[in-house]
Structure formats: C-alpha cells, structure tokens
J.: 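Please find one structure pasted underneath; my questions will follow.
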2 protein chains.
Amino acid sequence: MLTNSRIAYHRHDHKRCINAALCRARELCDARKARLTPIRETVLKTIWASHRPLGAYEIVDQMSQSETSAHRVLPPTVYRAIQFLVDQGLIHRLSSLNAYIGCPFPGNYHSDFFLICEQCGSTAECSDDQVDHAVINAAGRANFQVGSKVIEIVGICPECRG
Amino acid sequence: MLTNSRIAYHRHDHKRCINAALCRARELCDARKARLTPIRETVLKTIWASHRPLGAYEIVDQMSQSETSAHRVLPPTVYRAIQFLVDQGLIHRLSSLNAYIGCPFPGNYHSDFFLICEQCGSTAECSDDQVDHAVINAAGRANFQVGSKVIEIVGICPECRG
DNA sequence: GAAAAGATGTTACTTTGTATCGTTTACTCT
DNA sequence: AGAGTAAACGATACAAAGTAACATCTTTTC
Ligand SMILES: [Zn+2]
Ligand SMILES: [Zn+2]
Ligand SMILES: [Zn+2]
Ligand SMILES: [Zn+2]
C-alpha cells in the first residue's frame, strides 16, 4: 500500500513536504512542457501549507492576505490554477468537502483514496491494490466498466485517537 | 453482494420501483414514528422518478411544474425534505454530483457504494463485504479508524456498453 | 383546549463555481 | 529581432448549491 499516512498523521518537518512537492511539481511540469507559472506555484504552495484540504475560497483569502502583490486575487484566477494543478495530477479534489489537497506522489499513476480525520482534518492519500480489485470486482459482477473512482473515508486519525 | 444493478441498468417496470419505495418508506416512517408528510413524500417520489440522481434544484423545478398546488416550491422546503429523507436512509447524497438518489434497500443497514453511468446517468447502489473489508483493512494499516465512507464509481453501465 | 413540538412559507443570504471578454505575457517561426 | 499565434491573466458579472432566521401553521401531548 502506497500512502503518506505515516507522515501526514504524525509530527514531522512539514517544510520538507512543501519543498518536495514544489520541487517535484517543477520537474514534472518541465518534463511535460507545462507551464508552472508563479500564480499556479503559489496556489500549489498554499494548498501544501498543511495536510488539511483547502477550499477554493480559502485559497483566495490566503493568497489575498499573504501575497506581496497589492491587489486581491480573484476566484477565476484561483479556479484556473486549480484546474491546471488537477489536470497535472499535482492536487486532488475531495468531493465530499469541496476542497483540494496536494498529491504526495504525483507522476506515478495511482488510483487513490483518502483518509480524512474528522477531528483535525488532516488527510492522507492511499493507493491499495486490494481496494482497487475489490471495487473492480464488485463492479464487474454488475457488468459495469469502471472509469474513475471517488473514495473518501471519514474517521479518526491515529494522532487524534491518541 | 447486495445491489439493484440488475434492475437499474435494464429495462423494467419502473412503476414497481416507485411503488415499492413509497410503500417501504411509509412502513419505515410509521415504525419509527417519523412523519412522512405530503411534501416529503412528493420529494421522495420525484427523486424516484428514475434511476438517475437528481439535483436539489431539479427537484424544485419538477415539483414547481408538476404539482397541483399553485405556488412555487422553494429551496428551503426541498432541502428540509431532503434532509429528512437522508436522515431516514430513504435517499442518499452523491457528493461527486451534488445530487440525490433513492435507496433501494432502506432500513437494512448497508455500507454502500454507487456505480454511476457516465453515458446515461443511471446509478446503481451496491453493498459488498469485499469492498468494505478492503477499505477497513487499508485504513487499519494506517491506524485509521473508519467512520463513514463515500465511494462513487463512474464508468459505463452494461446497457450503454451494449 | 392549552402548551409544546414539529413542519412549512418567506426573505434574504452565503458558499462554490463559471462564462465572457479584453488585455497581457510567452512561445514560434521567419 | 519582430510579427504572429497561443496561452495565461484581470475583471465583471453571473449561475448553481445550500442555509440562517423568523413568522406562521399544523400536529401531538397532556
Ligand atoms: Zn507534511
Ligand atoms: Zn486527526
Ligand atoms: Zn426502476
Ligand atoms: Zn448507462
């Protein structure tokens, strides 16, 4: 099972998460000749500020406050950057929260699901063949051809259980 | 595996689905001393008009047009009925679509997931131990205690594959 | 029948997400 | 380098989804 739950749910040097994510994003975009512009990078950095999913308007607020640039960042700007980052697999959307979270393993193909802590909000991403197969199997029995999956688990993280 | 996919994805006498759902809803609410008022029943019937999930504002429109009563039904009315029906387990919300669908097996406890056809929109509900266990297992390996799950699979239904 | 609880009507509002169009920036090709 | 094209951004306005608050009406309880 591929997961960042060991990191996300425990004390760690989060600056390394951020650096790694930005670094990897630059690499990937470079390789794909996709343009990771300053705005897009700022949105990505803002989302990576923690392991808690961030709503689009939270991103708007964060960027409007903390940014050096004078003018307020507007929703379409942020949504466009979000779209780009989702397309590049650098962030994921959590449907059940209307929020976005950084992907810890962009580039590698992974069919992922999420563990969302209902106490602290921290969210880990997992990729597990067992889950994958179980779903494809169940769908297959209904003669249903699986395209994409949304799997979001809400519960209590190890840290919050103590 | 418990599922209504054999029915939902194939030609069938849908009036029987509707009747069964309304009948079961009355029974359940009666047993629980919950009040299935005319509005709530109308919302339930509107959602059960097909096996395609219906958005809240689609329900508003449907009810405003087809209803005998003169005045337009307003969003809070519908949302309140939706809340009641979700609480009673008579309908489910599909996060990835912001839409609602009737539950074919209300009353019985079931941890369910959904197969959403991206062509025709028809959606089947499934409940499968394999999937359940795989998810709980994966979460367990991350020391994560599962509360509720959102599992929504998008793909092609048997009918649309031909 | 009075009091309490529950359901509905109504207004106004919040949150989330887009369409559109004009301008600017970056890449491409000579 | 400079014209031409494509991509990105700024700004306004809007659509879609969901809710808070309060008044009114209905049902239940005692
Ligand atoms: Zn971190
Ligand atoms: Zn937690
Ligand atoms: Zn049917
Ligand atoms: Zn179909």
Side-chain angles (χ1 to χ4, degrees), chain A residues 25-26 29-44 46-47 52-64 67-88 90-101 121 150 152, chain B residues 25-26 29-44 46-47 52-64 67-88 90-101 121 150 152:
Chain A
R26 286 186 204 111
C29 289
D30 211 50
R32 296 168 181 168
K33 299 193 197 310
R35 289 163 57 190
L36 187 63
T37 63
I39 286 183
R40 289 166 177 174
E41 199 171 308
T42 305
V43 169
L44 182 58
T46 305
I47 289 174
R52 294 207 345 271
L54 220 55
Y57 278 72
E58 290 182 288
I59 299 170
V60 168
D61 291 343
Q62 285 299 316
M63 284 178 66
S64 295
E67 212 175 11
T68 49
S69 89
H71 61 289
R72 181 171 176 76
V73 179
L74 295 169
T77 304
V78 168
Y79 275 103
R80 281 189 287 234
I82 286 174
Q83 188 58 57
F84 171 86
L85 296 169
V86 168
D87 289 346
Q88 297 298 325
L90 297 170
I91 64 173
H92 298 294
R93 179 172 204 274
L94 297 176
S95 297
S96 64
L97 300 176
N98 294 338
Y100 303 87
I101 192 160
V150 170
E152 300 171 15
Chain B
R26 286 187 204 111
C29 288
D30 211 50
R32 295 168 182 167
K33 300 192 196 311
R35 289 163 57 187
L36 187 62
T37 64
I39 286 183
R40 289 165 177 176
E41 200 171 308
T42 305
V43 170
L44 183 58
T46 305
I47 290 174
R52 294 205 348 270
L54 220 55
Y57 278 74
E58 290 181 287
I59 299 170
V60 168
D61 291 343
Q62 285 299 315
M63 286 178 65
S64 295
E67 212 175 11
T68 50
S69 89
H71 61 288
R72 182 172 175 74
V73 179
L74 295 169
T77 303
V78 168
Y79 275 104
R80 282 189 285 233
I82 285 173
Q83 188 57 57
F84 171 87
L85 296 169
V86 168
D87 288 347
Q88 297 296 325
L90 296 169
I91 62 173
H92 299 293
R93 178 174 204 274
L94 296 176
S95 297
S96 63
L97 300 176
N98 293 338
Y100 304 86
I101 191 160
V150 170
E152 299 171 16

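Residue numbers begin at 1 in each chain, while the letters A, B, ... track the order of the sequences. No hydrogens, no waters, no symmetry mates; every other heavy atom, side chains included, goes into these values.
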J.: Would you mind reading off the distance between Leu36(A) atom CG and dA8(D) atom P, rounded to a whole angstrom?
T.: 11 Å

J.: Figure out the CZ/C1' separation between Phe84(B) and dT19(D), and round it to whole Å.
T.: 20 Å

J.: Atom CZ of residue position Arg93(A) - does it have more than 12 heavy atoms of other residues, nucleotides or ligands inside 6.0 Å?
T.: yes

J.: Tyr57(A) stacking on dT16(C): centroids under 5.5 Å, ring planes under 30°?
T.: yes

J.: Among dG17(C), dG10(D), dT10(C), which nucleotide sits nearest the side chain of Arg93(A)?
T.: dG17(C)

J.: Quickly work out the Glu41(A) CD to dA8(D) C1' distance and round it to whole Å.
T.: 16 Å

J.: Roughly how many Å is it from NZ in Lys33(A) to P in dA26(C), rounded to a whole number?
T.: 18 Å

J.: Nearest of dG10(D), dT8(C), dG18(D) to any side-chain atom of Thr37(B)?
T.: dT8(C)

J.: Hey, which of these two, Ala81(A) or Pro75(A), hits DNA chain D nearer its 5' end, going by closest nucleotide?
T.: Ala81(A)

J.: The side chain of Pro76(A) lies closest to which of these nucleotides: dG17(C), dG10(D), dA19(C)?
T.: dA19(C)

J.: Starting from C1' on dT24(D), measure out to CG on Leu74(B) and report it in whole angstrom.
T.: 15 Å

J.: Compare the minimum distances between each of dC27(C), dT10(C), dG10(D) and the side chain of His71(B), then state the nucleotide with the smallest one.
T.: dT10(C)

J.: State, with a plain yes or no, whether a side-chain heavy atom of Tyr57(A) is found less than 4.5 Å away from one of Val78(A).
T.: no

J.: Given atom CZ of Arg40(A) and atom P of dA26(C), what is their separation to the nearest angstrom?
T.: 12 Å

J.: Pair Asp61(B), Arg72(B) - check salt bridge (Lys or Arg N to Asp or Glu O under 4.0 Å), show working.
T.: CA-CA 8 Å; Asp61(B) 291 343; Arg72(B) 182 172 175 74; 3.2 Å; yes

J.: Using a heavy-atom cut-off of 4.0 Å across all strands, would you classify Arg80(A) as base, sugar-phosphate, or nothing?
T.: base

J.: With a 4.0 Å limit, can you tell me whether Tyr79(B) has a side-chain N or O closer than that to the phosphate oxygens OP1/OP2 of dG18(D)?
T.: yes

J.: Leu97(B) CG to dA17(D) C1': how many Å, rounded?
T.: 13 Å

J.: First locate atom OH of Tyr79(B), then atom CD1 of Ile59(B), and finally report the distance between them rounded to the nearest 0.5 Å.
T.: 8.5 Å

J.: Is a side-chain donor or acceptor of Glu152(B) paired with a backbone partner of Ser96(B) at a separation under 3.5 angstrom?
T.: yes

J.: What's the CD-P distance between Gln83(B) and dT8(C), to the nearest Å?
T.: 13 Å

J.: State whether Thr77(A) places a side-chain N or O below 4.0 Å from either non-bridging phosphate oxygen (OP1 or OP2) of dG10(D).
T.: yes

